[in-house]
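In what follows, every chain begins at residue 1, and chains take the letters A, B, ... in the order their sequences are listed. Just the heavy atoms: all of them, side chains too, but no hydrogens, waters or symmetry mates, feed the values below.
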Amino acid sequence: MALSLYNTATRTVSEFTPLTPGKVGIYLCGATVQAPPHIGHIRSGVNFDILRRWLSASGFDVTFIRNVTDIDDKILHKAVHEEIPWWAVAMKYERAFTDAYKALNVLPPTYEPRATGHITQMIDLMQTLIEKGHAYAPGNGDVYLEVRSLKSYLTLSNQKLDDLQSAGDSEETFKKDPRDFALWKAAKPGEPSWPTPWGDGRPGWHLECSAMAQAYLGETFDIHGGGLDLIFPHHENEIAQSEAAGYGFAKTWMHNAWVTTAGEKMSKSLGNSLQVQELIKRVRGIELRWYLGSAHYRSMLEFSFEALEESAVAFRRIEAFLDRAIGILGSTPDGVISSTFADAMNDDLAVPAALAYISEIVKSGNNALTANDTKALAAAAAEVRGALGVLGCDPRDDAFAGQSADNNGAIDGLISLALQQREAARARKDFAASDAIRDQIAALGIVIEDTPQGPRWQISSGR
RNA sequence: GGUCGGAUGGCCGAGAGGCGAGGCUCAGGACUGCAAAUCCUGCUACACGGGUUCAAAUCCCGUUCCGACCUCCA
């Protein structure tokens, strides 16, 4: 079964065929670094990280670009508000995003270009657009794209130009048509600017993505991704710019759905408590990732702390199986991708179906464990590990070192000492003494389980 | 006004004409000195009203409710 993906441009799921066999180029609209990341931002990162990992696991050589928008109105406003330079705002929040991505095991992109590093490419693109008669500089330092000059526009969102509500903005006087959008904004006093043939200024929001996608992936590339809300205007305008310049641009458009709270798109007022840095105080990063990745990427994910906790419990069950299996097997099996898992992922990344299959494997693996069938156990553990690897939730991944309830040699020695005492007490049926030892260890946050292979312990993963 | 989604059991969350996805919770059982873990069993749902069909959660028409986008947005 070949990989099929939903393409927003055609509103259908269709077989994915790369432009160059064996290679895939992906451009994901990354963050505007003007605030710390909340789980909505990071869901997009996780969803597309799963896509990327699946493409890699399927044998593709993936070039993954995720940009950083480090110049924009909000950043400038924030700089004034925080009384620090605009670049300090951008770098501060870029780091916050980087930390969040790392905590959730989102792989660093192949290249992570910043908008301000690509002014040259943007000027080249504007030059081309003006030469082709699709853009104009009215003389005030702005440069606009003339949407009426385009052969097609608004094909992604399927809207008609005349149906759009007019912006009603007071600064639109230089535009030929109110729907024309800014490629470049004239410098204002006190704001950063770069020189261009049309005057000093700074980039409009949409221009950077067209310029950087072309710079790193070429004029035509495979997949362009982002959140649902970027369809209009951002992606429409990217298409307008790039196609007007003569580029083929993206073949497949993918959009992830929202994390919502109380049925609504996450709002700023609730945003603080849903920042990644706050949530990973409640659950481990791997558990938050599991939660965000578990719903289908095109479905809304209704956030609640209860659902997050429940999801973490479900994940710990899988993790516990893997721990037990590795303990019995004496080694960590390499991940194996089963055909059932592959079929699910190939069906437009049907993660929920893949998770249902993982549950079945864990169940059969636990049965193998009870039956002491190490061959079946090893097979199950390998499949679970393979699946978790693609989902970026392999507790044995180095990225999660320190997050897993991994045994430490010295602690293991001490606990073992106590467990020997307890076993001795149990042997002489002094259960009061043995339970007392277990209770004392439990009070330290360590859980004891008696198994046919003897007692085992782990640091309680519940927080 | 235009465009696009959604409503599934106590909860979360898939599916998209016929076979009870899966998980969590809960109840009962097996195992266990007791726990824990694990396994087994049970809990038969698809907003409402029509229609098409041998058969509808799924398709069609209508209704209600919820949400997203329409130049800040993941």
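- As a whole-Å value, the separation of Leu355(A) CG from C24(B) P is 12 Å.
- In the interface, the side chain of Arg298(A) is not paired with the base of G5(B) through any donor and acceptor atom under 3.5 Å apart.
- Taking atom CZ of Arg317(A) as the reference point, atom P of A36(B) lies 16 Å away to the nearest angstrom.
- A salt bridge is defined here as a Lys NZ or Arg NE, NH1 or NH2 lying under 4.0 Å from an Asp or Glu carboxylate O, and Glu287(A) with Arg284(A) meets this definition.
- When each of C40(B), G13(B), U71(B) is scored by its nearest atom to the side-chain atoms of Ala295(A), the top-ranked nucleotide is G13(B).
- Considering only side-chain N and O atoms, Arg422(A) lies nowhere under 4.0 angstrom from the phosphate OP1 or OP2 of G33(B).
- Between Asn366(A) and C39(B) there is a side-chain polar atom (N or O) within less than 4.0 angstrom of OP1 or OP2.
- Among the atoms of the strands shown, none is found under 4.0 Å from any heavy atom of Asn47(A).
- Between the P atom of U71(B) and the NZ atom of Lys175(A) lies a distance of 10 Å, rounded to the nearest Å.
- Across all strands shown, Leu301(A) has heavy atoms under 4.0 Å from sugar-phosphate atoms exclusively, and none from any base.
- Salt bridge annotation for Arg202(A)-Asp142(A): absent, with no cationic side-chain nitrogen under 4.0 angstrom from a carboxylate oxygen.
- Across all strands shown, U63(B) forms a Watson-Crick or G-U wobble pair, both distances under 3.5 Å, with A47(B).
- Under the Watson-Crick or G-U wobble criterion, with both distances below 3.5 Å, A68(B) is paired with U3(B).
- A salt bridge does not link Asp99(A) with Lys102(A): every distance from a Lys NZ or Arg NE/NH1/NH2 to an Asp or Glu carboxylate oxygen is 4.0 Å or more.
- Atom CZ in Arg316(A) sits about 14 Å away from atom C1' in G23(B), given to the nearest Å.
- Judged by Watson-Crick or G-U wobble contacts below 3.5 Å, the nucleotide A36(B) has no partner.
- In the interface, the side chain of Glu310(A) is paired with the base of G23(B) through a donor and an acceptor atom under 3.5 Å apart.
- Close to C70(B), at under 4.0 Å from its OP1 or OP2, lies no side-chain N or O of Lys160(A).
- Salt bridge Asp435(A)/Arg422(A): absent, no basic N to carboxylate O contact under 4.0 Å.
- Between the side chain of Asp162(A) and the base of G2(B) there is no donor-acceptor pair of N/O atoms closer than 3.5 Å.
- At the heavy-atom level, Asp73(A) lies nowhere under 4.0 Å from the strands shown.
- For Ser299(A), a side-chain nitrogen or oxygen approaches OP1 or OP2 of A14(B) to under 4.0 Å.
- Here His234(A) lies out of heavy-atom contact (under 4.0 Å) with every strand.
- One interatomic measurement links the two molecules: CZ of Phe232(A) to P of G5(B), which rounds to 17 Å at whole-angstrom precision.
- Taking the charged nitrogens against the carboxylate oxygens, Arg289(A) and Asp49(A) do have a contact shorter than 4.0 Å, which makes a salt bridge.
- We find that NE2 of His255(A) is positioned 16 Å from P of G6(B), with the value rounded to whole Å.
- Gly226(A) comes within 4.0 angstrom of the backbone, heavy atoms only, and of no base.
- Applying the 4.0 Å criterion to OP1 and OP2 of U32(B), one finds that Arg426(A) has every side-chain N and O outside that range.
- Two residues, Ser364(A) and Asp72(A), neighbour RNA chain B, and the one matched to the more 5' nucleotide by heavy-atom proximity is Ser364(A).
- Counting any heavy atom pair closer than 4.0 Å across all strands shown, Leu230(A) reaches sugar-phosphate atoms only and no base atom.
- Closest approach to the Val447(A) side chain among U38(B), A36(B), G22(B) is made by A36(B) (side chain taken as heavy atoms from C-beta onward).
- Judged by distance alone, with hydrogens and angles left aside, Arg438(A) brings a side-chain donor or acceptor within reach of the base of A35(B), the pair sitting under 3.5 Å.
- We find that CG of Asp450(A) is positioned 12 Å from P of A35(B), with the value rounded to whole Å.
- The distance from atom CH2 of Trp258(A) to atom P of G5(B) is 16 Å, rounded to the nearest whole Å.
- Across the interface with RNA chain B, nearest-nucleotide mapping of Pro352(A) and Ser304(A) shows Ser304(A) to be the residue nearer the 5′ end.
- Between Lys175(A) and Asp180(A) there is no salt bridge, since none of the side-chain N atoms of the basic residue sits less than 4.0 Å from a carboxylate O of the acidic one.
- A salt bridge links Arg426(A) and Glu423(A); the closest N-O separation between the charged side-chain nitrogens and carboxylate oxygens is under 4.0 Å.
- Base pairing of A27(B): its partner is U41(B), meeting the Watson-Crick or G-U wobble criterion (both donor-acceptor distances under 3.5 Å).
- Set against G33(B), U71(B), C24(B), the side chain of Ala314(A) has C24(B) as its closest nucleotide.
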